[in-house]
K.L.:
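Submitted below is the structure of interest, expressed as structure tokens.
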Protein chains: 2
Amino acid sequence: MKVLIVHAHPEPQSFTAALRDQAVATLEGQGHEVQVSDLYAMQWNPVASAADFATRENPDYLVYALEQRLGVKKQSIAADIQSELNKLLWADLLILNFPIFWFSAPAMLKGWIDRVLVSGVCYGGKRFYDQGGLAGKRALVTVTLGGREHMFGEGAIHGPLEDMLRPILRGTLAYVGYEVLAPFVAWHVPYISAEARQDFLVGYQQRLQGLVDEQPLVFPKLEQFDEALYPLS
Amino acid sequence: MKVLIVHAHPEPQSFTAALRDQAVATLEGQGHEVQVSDLYAMQWNPVASAADFATRENPDYLVYALEQRLGVKKQSIAADIQSELNKLLWADLLILNFPIFWFSAPAMLKGWIDRVLVSGVCYGGKRFYDQGGLAGKRALVTVTLGGREHMFGEGAIHGPLEDMLRPILRGTLAYVGYEVLAPFVAWHVPYISAEARQDFLVGYQQRLQGLVDEQPLVFPKLEQFDEALYPLS
């Protein structure tokens, strides 16, 4: 299996980085090939803009998705985007590894999603959800957060974490065709002991070792909807 | 009323910009004071990093929220953050005005949230949801998107848009204390006629004129939970 880990944390020594390193060691130990995109270390540019296109279909008015489609076809899209897109297409498994900022990804990672999941390759027209451009691949979201586990779930103060992560799990990863696995979550990280952190690392290792046998989360399939995308009931 | 509009779109002539201009004209026409933060025009830096703090409580290990608390207290936080925070505290109404990218905010705006909603001022300890640092203020999310209205809602292919926007509506705006109004949504924008766009602008004007009488969305209150944040009853 080929694995891409996209990591975004502003502190190089963070526990989130330890989870990244655990994933590299575990997956390489199983004989998989692993590449890591460490977005802060790379000084990744998260801002989608006109500067991403050397030539433009419409130089007077930017429709970002349209220019993505043409830029990737003409190979004139920005080199940093093309490089990440190549890794994405190479990988059978994508791991997004990040600390929860405002119940979602840090801007650094959101900007990787905005720029790299290009229209015309990852999705477009009726190519989304189970028909998405990356169908057949798997994705895992691995997060650290400050909250305690009992603050999440039905009836809990923040509701289910999966509901907060819906734009990423369903609106992004499932949308482009990934089989999305249940997130791996390390709770209350800034406040816990070294032993508790070690427990998370061991739990993550075990989780990764059994990943190929996991059942993915369930999301819509296009066959459940008509041509205009109304539900077929 | 004092109003801050935070606008993030890579195309200066976008319909999203027309909505921004409609809000400025309508609200100023009603006698309100309006400031606009146009993040692309400002070349806003969306990346939360150690560079945001001139002096550090812990120079060896970055805990971003901790340094925010101290930086804002010592007035040593980055000038661009302090300037936006001043506008945020000045405003009675915050409008986030953006195109939906991946069922959420563009990285440019996400990075404004990551950097400007500082710990210790906007939230901290038990100061969140109805007890949040910005309690008493109102917030509106105004979005444009490519999808059609029938693709959203219970049973629709993408589910309710409010569920996709949950990290912003509940996890961010309600979390820091805002009374959050129902989003204003302009559907299918890249594909509609000039007349249909005009209808959205008129609808937005009418919505803004009645904004003060609107009932906000309902979110958790801390009194429904015990000291450890377990639900009461």
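The structure presented is a predicted model; accordingly, all values stated were derived computationally and were not measured. In what follows, chains carry the letters A, B, and so on, assigned in the order in which the sequence lines appear, proteins first and then strands, with residues in each chain numbered from 1. Atoms considered below: every heavy atom in the structure, side chains included; atoms not considered: hydrogens, waters and symmetry mates.
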K.L.:
Which atoms of A:F219 are under 4.5 Å from chain B, going by heavy atoms: the side chain, the backbone, both sets, or neither?
P.N.:
neither
K.L.:
Just wondering, are more than 12 heavy atoms of other shown residues or ligands nearer than 6.0 Å to NZ in B:K126?
P.N.:
yes
K.L.:
What heavy-atom pair brings A:R170 and B:A156 nearest, and what distance separates the two atoms?
P.N.:
NH2-O, 4.0 Å
K.L.:
Measuring from atom NZ of A:K110 to atom CG of B:D114, what distance do you get when rounded to the nearest 0.5 angstrom?
P.N.:
11.5 Å
K.L.:
Quick one: list whatever passes salt bridge (charged side-chain N to carboxylate O under 4.0 Å, His left out) with A:D130, sequence neighbours left out.
P.N.:
none
K.L.:
Hey, could you give me the CD/OG distance between A:Q43 and B:S49, rounded to the nearest 0.5 Å?
P.N.:
9.5 Å
K.L.:
Where does A:A105 contact chain B at under 4.5 Å (heavy atoms): side chain, backbone, both or neither?
P.N.:
backbone
K.L.:
What pair of heavy atoms forms the shortest contact from A:A48 to B:F101, and how long is it?
P.N.:
CB-CE2, 4.2 Å
K.L.:
Among residues 131-154 of chain B, which ones touch chain A with a heavy-atom distance under 4.5 Å?
P.N.:
B:H150, B:M151
K.L.:
Output the distance between atom OG (A:S14) and atom CG (B:L62), rounded to the nearest 0.5 Å.
P.N.:
9.5 Å
K.L.:
With side chains defined as the heavy atoms from C-beta onward, is the minimum distance between A:S104 and B:S104 less than 4.5 Å?
P.N.:
no
K.L.:
Once you round to the nearest 0.5 Å, how far does CZ of A:R166 lie from CZ of B:R166?
P.N.:
9.0 Å
K.L.:
Between atom CD1 of B:I157 and atom CZ of A:F128, what is the distance when rounded to the nearest 0.5 Å?
P.N.:
4.0 Å
K.L.:
Quick one: of A:A174, A:P10, A:G111, A:P167, who has the most non-hydrogen atom pairs under 4.5 Å with chain B?
P.N.:
A:P167
K.L.:
Which residue out of B:H9, B:E11, B:R115, B:Q224 racks up the most heavy-atom pairs below 4.5 Å with chain A?
P.N.:
B:E11
K.L.:
State, yes or no, whether a side-chain contact exists between B:Y40 and A:V47 at a heavy-atom distance under 4.5 Å.
P.N.:
yes
K.L.:
Output all residues satisfying side-chain contact (heavy atoms from CB on, under 4.5 Å) with B:N58, sequence neighbours left out; order by chain, then residue number.
P.N.:
B:D60, B:Y61, B:E67
K.L.:
Counting only non-hydrogen atoms closer than 4.5 Å, does B:M108 touch chain A with its backbone (N, CA, C, O), its side chain (CB onward), both, or neither?
P.N.:
side chain
K.L.:
Out of curiosity, A:I113 CD1 to B:F103 CZ, how far, rounded to the nearest 0.5 Å?
P.N.:
12.5 Å
K.L.:
When the aromatic ring centroids of B:H158 and A:Y129 are compared, is their separation below 6.0 Å?
P.N.:
yes
K.L.:
Given side-chain contact (heavy atoms from CB on, under 4.5 Å), test B:V176 with A:W102 step by step and report yes or no.
P.N.:
CA-CA 10 Å; B:V176 296; A:W102 296 103; 3.5 Å; yes
K.L.:
What are the two closest heavy atoms between B:A107 and A:P46, and how far apart are they?
P.N.:
CB-O, 3.3 Å
K.L.:
Between A:L117 and chain B, with a heavy-atom cut-off of 4.5 Å, which part of the residue counts as in contact: side chain, backbone, both or neither?
P.N.:
both
K.L.:
May I ask you to list the residues in residues 187-197 of chain A that approach chain B closer than 4.5 angstrom, counting heavy atoms only, ordered by number?
P.N.:
A:R197
